[in-house]
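Note on naming: letters A, B, ... go to the chains in the order of the sequence lines (proteins, then strands), and numbering restarts at 1 for each one. Small disclaimer: the values here were computed from a predicted structure and weren't measured.
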Amino acid sequence: MTSIQEFSVSRTTVTSRICQSVLLICVFWMLFIASGDNKASQGKIIDICVFIVLASMWNLLTGFSGLISIGQQAFVGLGAYSLIVLANGVGINIYLAVIPSAIIVAIISIPLGLVAFRLRGGYFAIGTWVIAEVVRLIVKNNQSSVIGAGTGTSLEVSESLKSGRYQVTTFIAIAVAVVSVVFVYLFLRSRFGLALQSVRDNETGARSLGVDSYRVRFVAYIVASFFTSLAAATYYIKGLSVQPDAAFNIGSWTAPIIVMVVIGGIGTIEGPIIGAVLYYLVRDFVSKHEFFSDPTFLILTGVVALIFALFVKGGIWGLLLRKFPKLTVFPVKRRVHIENFQFDQRGN
Amino acid sequence: MSLLEVRNISAGYGQFQALFDISLNLNEGAAIAVIGANGAGKSTLLKSIAGVVDVIFGEIIFDGESIVNLQPHERLNRGIALVPEGRRIFRSLTVDENLSIGAYSRRQGVWNRELVYEVFPMLAKLTDRRADKLSGGEQQALAIGRALMSNPRLLLLDEVSLGLAPIVVKKLYEILPRIRATGCSLIYVEQDTNQALSASEYAYCLLEGQVSLEGKPSDLSREQIASAYFGIGVNK
Amino acid sequence: MNWFNAIIQGVLVGGLYAMYATGLSVSFGVMRLVNLAHGDLAVGSAFIASTFCLATGLSPFLAIFVVLPLSALVGIGLQVAVFNRVVGVDPSYQIVATFGLSIAIQNVLLQQYAANPRALNIGEFGNQSLKLVGDDVVIGLFPLSRFVVAVLVLVLLSLFIGRTRIGRAFRATSDDPDIARLMGVNIRSIYAVAFAIAVTTVALAGIFNGMQTQFSAADGPALLIYAFESVIIGGLGSLWGTLCGGIILGISQTIGAEIDPGWKQLIGHLVFLIVLLVRPMGIFGKDELR
C-alpha cells in the first residue's frame with residue numbers, strides 16, 4: 001500500500017474547459033443574431049433553444065430521476081395558457097408574464113404530481129399522458145372568452161411591443177436555455193442531485209441511506225414543469241396563436257423531445273443539447289425535400305428512437321465518449337488526482 | 001465414479017470475478033459441503049454449476065460430459081437442480097403449483113408430489129395455500145421439494161439454514177438423508193459450518209474465490225477450518 | 001336523460017375496453033412490459049381486416065379468422081425482434097422503444113390509408129337490437145354479442161393461466177423469471193406466447209371496435225389510454241378486475257356523454273384519477289403488486 005501523499009479533488013478538466021468555451025462562443029453567436037434583423041434565423045434560434053430546454057427537462061426526469069414522462073405536453077399547454085391568461089386576461093406585458101406563468105404552472109404541477117406519483121415505471125408514463133389529456137379536455141371545454149375553448153385564441157401584443165418582438169423573444173429564449181442547462185448542471189452537482197441519481201440507480205439502497213426518494217423525485221418533477229412551461233411561454237410569444245389540441249399534442253411536443261434525448265444520449269447533460277440541435281437541423285433539411293412527407297419523417301423518427309433505445313443506449317454522446325473517454329462539457333463527477341494517478345468517484 | 005467434476009473454473013459477474021481456478025470433485029451418491037464466509041464465492045460456485053453464472057475459464061464435467069456451454073434448463077434436464085439462496089419460491093403460486101413448476105422439465109424418477117408430501121409432512125396440509133403465506137421453514141421445505149420434483153441426480157443446496165430457527169434447521173437436515181437414499185448426490189453450501197460438515201463426507205472451504213482447504217470433515221481440525229474460513233494465519 | 005340506458009350501454013362498451021386491456025395486463029403481468037404501441041396494434045389490425053374485406057368482398061367476421069393468426073405471428077415477431085431486448089432493462093428504454101414503435105405504426109397507417117376514417121360493414125346485424133322496458137332501453141345485438149365474446153375471452157384466458165402447465169409457467173415467470181428459468185421454463189418462449197396473446201386479443205378488440213364505429217390511423221393512443229385506465233381501475237394482476245375496470249370506465253363515459261357530449265372522455269379520465277387517488281391498487285388489486 002502506498003500512502004496517499006498529495007492529492008486534490010476537482011471536477012473541471014482541461015477538455016471540459018475547452019468544450020465550455022466552444023459552447024460559450026455558440027451562445028455569443030446566437031446573441032449576435034438575436035441583436036440583428038434576420039427574423040428567419042431568430043425564429044430558428046428560438047425553436048432550438050425551446051427544444052433544448054424541453055429535452056433537458058425530460059432528461060432530468062427520465063435520465064436522472066427515473067421518472068418516465070410522456071405527458072410533458074401538459075406543461076407546454078399549461079405554460080401557453082397561463083401566458084394567455086396573464087397577458088390577455090390580466091393585462092400584463094407579455095415579456096413580463098413569462099416567468100409568472102411558469103410559476104403558476106409549477107404550482108399546478110403539485111396536485112398533478114400527487115396523482116401521477118401513485119404510479120410507477122411504465123404506468124407512471126401512461127399516467128402522465130392521461131393527466132395531459134385531462135388538462136387538454138378541461139381547457140377545451142372551458143367556454144370563457146380568454147381561453148377560447150376548442151378553437152383557441154391569440155396572444156394580444158400591445159402596439160408598443162410589436163416592433164422588435166422577434167429580437168426580444170430570441171434574447172429571452174437564449175436566456176431561458178442557458179439558465180435551464182446551467183441549472184440542471186448545478187442541480188445535479190448539488191447534494192440533491194446526488195440523491196436523485198442514487199434513487200434512480202437503486203431506490204431501495206438510496207432509501208436505506210436516508211434519501212427520501214419520493215421527495216427528491218417530486219422536486220425534480222416540479223423543476224421540470226417550471227422550465228418546460230417557461231420554454232413553452234417563450235415559444236408562444238413568437239407563435240402568438242394557441243389551440244388546445246396543438247398545445248397539448250403529444251406528437252408535436254413529447255414525441256420529438258423523446259427522440260432528441262434518446263439520439264443525443266439519455267442521462268447526460270450534453271445529450272439533450274446535441275439531440276435537440278441535430279433533430280432541428282435534420283427536420284429543417286427534410287422539410288425542404290418532397291420525398292420526406294410528414295408521415296415519412298415521423299416513421300423515420302419512430303424507427304430511429306426504437307433503434308437507439310435497443311442498440312445505441314448511450315446515444316451519440318455515448319458513442320463520442322467511447323471514442324474520447326475524457327470528453328466532457330459539464331463535469332458532474334468528482335475526480336481525485338494523486339500525483340500521476342487519477343480515478344473518478346464511481347471507481348470506473 | 002465421479003458424477004461432477006469442476007476443473008479449474010473462474011467465473012464472475014460482468015467485470016467482477018468471484019471465482020479463481022476452483023476445482024472440485026463429487027462422486028455419485030455422495031454429499032459434500034462447501035463452506036466459507038460471506039462473499040467467499042460459495043453461491044457463485046453453485047450458480048456456475050447450475051448455469052446461471054457464466055464460467056470464464058475451466059470445465060464442468062457432469063456424468064462424463066462437459067456442460068459448461070449448456071443453458072440452465074438444459075442442465076436441469078440432465079439432472080442438476082438448485083435450491084437457491086433465500087428460497088425464492090413462487091410467491092403467488094400455491095404450494096401445489098410450486099411443485100408442478102418444479103416438475104416442468106418432466107424428468108422421470110422416484111420423486112413425485114406424493115413422495116415430497118410424505119418426506120415433508122409440513123407441506124402436505126398446505127397444498128392450496130399461497131406460498132407467500134408460508135413460514136420460513138415451510139418455504140425452505142417447499143424450495144427443496146420443488147427442486148426434487150425435477151428428479152435431480154445432483155441437488156445443490158444454497159444456504160438452507162439461512163434465517164431459520166435452529167430447531168427448524170435441524171428438522172430439515174434430518175430429512176436430507178432420505179433424499180440421499182434415493183440416489184441423489186448433494187452439495188451443501190453453508191456459512192454455518194457444523195450442520196453442513198456433519199452431513200457430508202468431504203468438504204471444501206472457500207476464501208476470496210479460491211479453495212483454501214479441503215478434506216474429510218473428520219480429518220479437519222477446528223483450527224484448520226477457522227484459519228481457512230477467515231484467512232488468518234494461512235501460508236500461501 | 002336516460003340513465004338506465006346509459007349504464008347498459010356503458011357496460012357493453014366496457015366489455016370492449018376490457019378486451020383492449022387484457023393484452024396490456026398480460027404483457028405487464030408476465031414480463032413487466034408496458035407497450036405504448038398497444039392501441040396502434042388494434043387500429044392496424046382493423047385496417048388490415050378492412051383491406052381484406054375490400055379485396056375479397058367477404059364479411060368482416062371472416063376477416064377475424066385471417067387477421068387473428070396473423071396478429072399472433074406479428075406478436076411473436078415483435079417479441080423476438082424488439083421486446084426481448086427491452087425486458088428487464090431500464091424501463092426508460094422500454095418506453096422509448098415502444099413509443100418509437102407507436103409513432104412508426106401510426107404514421108405507416110397514415111401513409112397507407114390517409115387520414116380518412118374507415119369502418120367495417122357488418123350489414124343488417126349491426127342494426128338489429130332488443131328493446132327492453134317499453135322502448136326506453138335499446139340493446140344492440142352486436143354490442144351484446146361483442147360483450148359476450150369479451151367475457152368468453154376472459155374466461156378462457158383465466159382458465160389458461162390458472163389451470164394449464166403453460167399458465168403456471170406464466171405466473172412463475174411473473175413472480176421470479178430467474179428461478180423459473182432454473183426450473184426449466186424457457187422464458188423466451190413464455191414471453192413470445194404472452195405477447196402473441198396480447199396482440200391477438202387487442203387485434204380482436206380493434207376489429208370489434210371497427211365493426212361499430214369508424215376508426216382512423218391516429219386512434220391508437222386513445223385506445224391505449226382506455227386499456228390502461230381499465231387495468232388500473234380494476235387493479236393490476238386481476239383479469240376480472242380488468243373487466244370491472246372496463247365496465248366502470250364505459251359507464252363513466254356514457255354517463256358523461258349524457259350530461260354533455262364534450263365530457264365523454266373527461267368524465268372517464270376523472271373517474272380513473274379518483275380511483276387512483278382513493279385506491280391506487282385498483283378496485284380488485286392485490287396490494288403486493290405495484
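Interface remark: A:Phe311 contributes side-chain atoms only to the contact with chain C (heavy atom separation under 4.5 Å). With a threshold of 4.5 angstrom between heavy atoms, A:Ile307 does not approach chain C through any atom at all. Contact annotation for C:Val82: both backbone and side-chain heavy atoms come within less than 4.5 Å of a heavy atom of chain A. Both the backbone and the side chain of C:Gln265 come within contact range of chain A, with heavy atoms under 4.5 Å apart. For chain C, the nearby parts of A:Val134 are the backbone and the side chain; heavy atoms of each come within less than 4.5 Å. Looking at C:Ile95, the atoms closer than 4.5 Å to chain A (heavy atoms on both sides) all sit in the side chain, from C-beta outward. For C:Leu36, the part lying under 4.5 angstrom from a heavy atom of chain A is the side chain only. Using a 4.5 Å cut-off between heavy atoms, C:Glu229 touches chain A through its side chain atoms alone.
Once rounded to the nearest 0.5 Å, the distance linking CD1 of A:Ile299 with CD1 of C:Ile105 reads 11.0 Å. How far CG of C:Leu24 is from CD1 of A:Ile126: 5.5 Å, rounded to the nearest 0.5 Å. Taking CG of A:Leu298 as the start and CG of C:Leu110 as the end, the distance is 8.5 Å to the nearest 0.5 Å.
The two residues C:Leu276 and A:Arg118 have their closest heavy-atom pair at O-CD, 3.6 Å. Between A:Val130 and C:His269, the shortest heavy-atom contact is CG1-ND1, 3.9 Å. Nearest heavy-atom pair, C:Ile103 versus A:Ala255, reported as atom, atom and distance to 0.1 Å: CD1-CB, 3.6 Å. The two residues A:Ala309 and C:Val96 come nearest to each other via the heavy atoms CB-CG1, 3.9 Å. Between A:Leu310 and C:Ala81, the shortest heavy-atom contact is CD1-O, 4.2 Å.
Contact tally against chain C (heavy-atom pairs below 4.5 Å) for A:Leu119, A:Thr254, A:Val304: the top residue is A:Leu119. Most heavy-atom pairs under 4.5 Å with chain C, from the set A:Val303, A:Leu306, A:Ile131: that is A:Leu306. Ranked by heavy-atom pairs under 4.5 Å with chain A, the list C:Leu270, C:Leu101, C:Ile232 is led by C:Ile232.
More than 12 non-hydrogen atoms from other residues, nucleotides or ligands lie less than 6.0 angstrom from CH2 of C:Trp240.
In this structure, A:Thr301 and C:Asn107 have side chains that are not in contact, with every pair of non-hydrogen atoms separated by 4.5 Å or more. Side chains of C:Phe228 and A:Trp129 form no contact here, defined as non-hydrogen atoms less than 4.5 Å apart.
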Item checked: Check against side chain to side chain contact (heavy atoms under 4.5 Å, CB included), C:Tyr93 and A:Ile266 -> CA-CA 9 Å; C:Tyr93 294 106; A:Ile266 296 183; 3.9 Å; yes
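Within residues 55-73 of chain A, the residues that have a heavy atom under 4.5 Å from a heavy atom of chain C are A:Trp58, A:Thr62, A:Ile68, A:Ile70, listed by number.
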